[in-house]
Amino acid sequence: MCSDFIVSEPRIIETKLEFPYSRTLGPVMGAFFMALRDGQLLGIRAKDRRVLAPPLEYDPETGESLGTEMVPIGPGGTVEAWTWVDDPTQKHPLDHPFAFALVKPDGADTSMVSAVDAGRVEAVHTGMRVTARYRSEPQGLITDLEAWEPTKS
Amino acid sequence: MNERCAIVGVGQTHFKKRRDDVSIAGLLREAIDRALADAELTLRDIDAVVIGKAPDAFEGIVMPEIFLADAVGATNKPLLRVHTAGSVGGSTLVVGAHHVITGIHGTVLTVAWEKQSEGNAQWGLAGGRSGGIGAGGAFAPWMRAYIQQSGAPDYIGWMVAVKDRRNAAKNPYAHLKMPDITLEKVKESPMLWDPIRFHESCPSSDGACAAIVTNEEGAKRAPRPPAWIHGLSVRSELGQFPGRNPVRPQAGVECAHDVYRQAGITDPRSQIDMAELYVPFSWYEPMWLEGHDIAGPGEGWKMVDTGETDLGGAFPVNPSGGVLSTNAIGASGMVRFAEAAQQVRGLAGEHQVDGVRTALAQAYGGAAQYFAMGVLRNTPPE
């Protein structure tokens with residue numbers, strides 16, 4: 001009968017449901033991520049000779065296919081705009097205060113959003129020179145570019 | 001005031017289980033470039049873009065039309081996303097054509113796609129939970145109900161599978177090509193969801209389809225014969241409600257009647273020369289023949305049995321090999337319209353039906369609750 005079953009303590013089973021998607025990157029983003037894993041940033045040469053970073057498959061103005069003329073860029077760069085993150089959450093790229101910035105890598109004509117690890121807000125300014133810092137154990141993700149840090153003069 | 005509207009360019013990718021050589025953007029662009037080449041147009045000639053795909057959970061990219069804007073040539077142009085589950089490719093073309101018919105735009109690019117290899121559709125359909133029954137599991141009871149109501153023999157499903165797989169062998173873009181398929185092989189393949197056996201089910205495909213719709217001026221400039229649109233309709237109903245007849249959904253009946261009325265069709269079986277119907281599981285061929293009043297009640301399976309829906313029959317259905325042979329879900333509805341267009345244009349190649357003047361395209365989605373249909377002809381509307 002029911003009374004035969006004595007529950008001493010509630011049993012809790014924790015499960016984690018997840019489904020990993022796989023992404024095929026194609027010839028342009030594929031080349032970008034392969035090089036990033038090796039600590040090299042790549043841009044792509046557009047029809048108007050500008051170097052776009054990160055590289056795009058199709059021209060953002062005309063939609064033309066840009067081909068695959070990849071151009072090495074960085075590791076230096078210039079901060080073009082920034083905002084300070086004083087209280088990072090778990091989803092932020094760094095666990096201490098940092099700046100989200102538009103950084104134009106040397107050799108590129110456009111800027112990309114990245115974290116700038118400058119320690120304190122007073123250390124960041126538009127036009128400051130920064131250098132790419134890569135993850136020591138690359139994962140093939142955009143976060144392999146861990147952050148930009150102030151260039152030591 | 002209604003403008004005349006025609007399909008002047010279509011493009012498909014070669015559908016495969018896995019296209020790991022291209023990005024999603026590159027996949028769409030393959031279909032788009034083929035459609036532009038067919039119409040001898042460039043992206044500069046396009047006034048607006050309508051893009052369609054099935055649930056975002058399939059690839060795990062939310063609102064993919066945003067990041068695809070460059071690839072589909074939509075920069076600084078109106079870009080609209082359509083989502084009506086499996087019927088979306090059809091609905092996308094209908095929405096694009098409506099922009100032309102109403103005179104809002106002159107030439108519209110429509111494109112629909114799925115890259116199933118990047119995710120898991122069955123998992124996506126279950127809303128991100130495990131234990132989903134999948135599309136086959138959802139549809140199987142309605143097929144059993146159809147069989148019970150119509151008295152159809154079990155080999156009808158096998159016949160549809162054999163026909164579509166053999167037709168696909170003539171279609172360079174089709175995914176599954178099985179020219180040597182036999183009734184015996186279908187019959188002996190594993191039962192997945194009674195009554196659906198393995199060879200009576202669609203594959204999971206990567207691929208895209210694009211179609212360019214334009215007004216009368218655009219059609220006059222077209223280098224190849226246009227496929228003129230004589231009727232377009234979309235209808236939907238709830239996936240479940242008391243009294244619903246899922247074997248013959250009312251939305252499907254009304255969608256068909258609407259599109260026939262627009263095209264002046266009173267006897268679809270004799271006035272339509274061929275049809276591309278959305279048949280992901282074999283039994284849906286006779287079910288849609290009846291569900292769209294092409295055949296009377298209990299008569300759909302007899303059209304299959306007598307060979308009427310064969311490539312050389314009186315009412316060929318899915319000469320392309322259909323969804324049964326190729327299913328990049330979001331693209332599949334548009335492929336029905338694209339293949340119907342190629343038939344009236346006389347450009348279908350090895351699976352061309354002789355002398356097609358009027359073709360029917362149909363797509364359905366969700367729990368057999370969303371419908372998109374079109375009637376295409378080789379001559380413009382009156």
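For the numbers below, each heavy atom of this structure counts, side chains included, while hydrogens, waters and symmetry mates do not. Proteins get letters first, then strands, A, B, ... in listed order; numbering begins at 1 in each.
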Within-4.5 Å side-chain heavy-atom neighbours: B:Gln240 and B:Gln369: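 The answer is no, as the side chains (C-beta and beyond) never meet within the 4.5 Å cut-off.
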Between [X] and chain A, with a heavy-atom cut-off of 4.5 Å, which part of the residue counts as in contact: side chain, backbone, both or neither?
X: B:Phe67; result: neither
X: B:Thr42; result: neither
X: B:Asp21; result: backbone

I need the residue from [options] with the largest number of non-hydrogen atom pairs under 4.5 Å to chain A.
options: B:Arg18, B:Glu59, B:Arg29; answer: B:Arg29
options: B:Leu43, B:Ile24, B:Asn120; answer: B:Asn120
options: B:Ala69, B:Ala71, B:Gly73; answer: B:Ala71

Testing the 3.5 Å rule here: is there a donor-acceptor pair between the side chains of [X] and [Y]?
X: B:Thr107; Y: B:Asp45; answer: no
X: A:Thr131; Y: A:Thr151; answer: yes
X: B:Gln116; Y: B:Ser205; answer: no
X: A:Glu57; Y: A:Ser65; answer: no

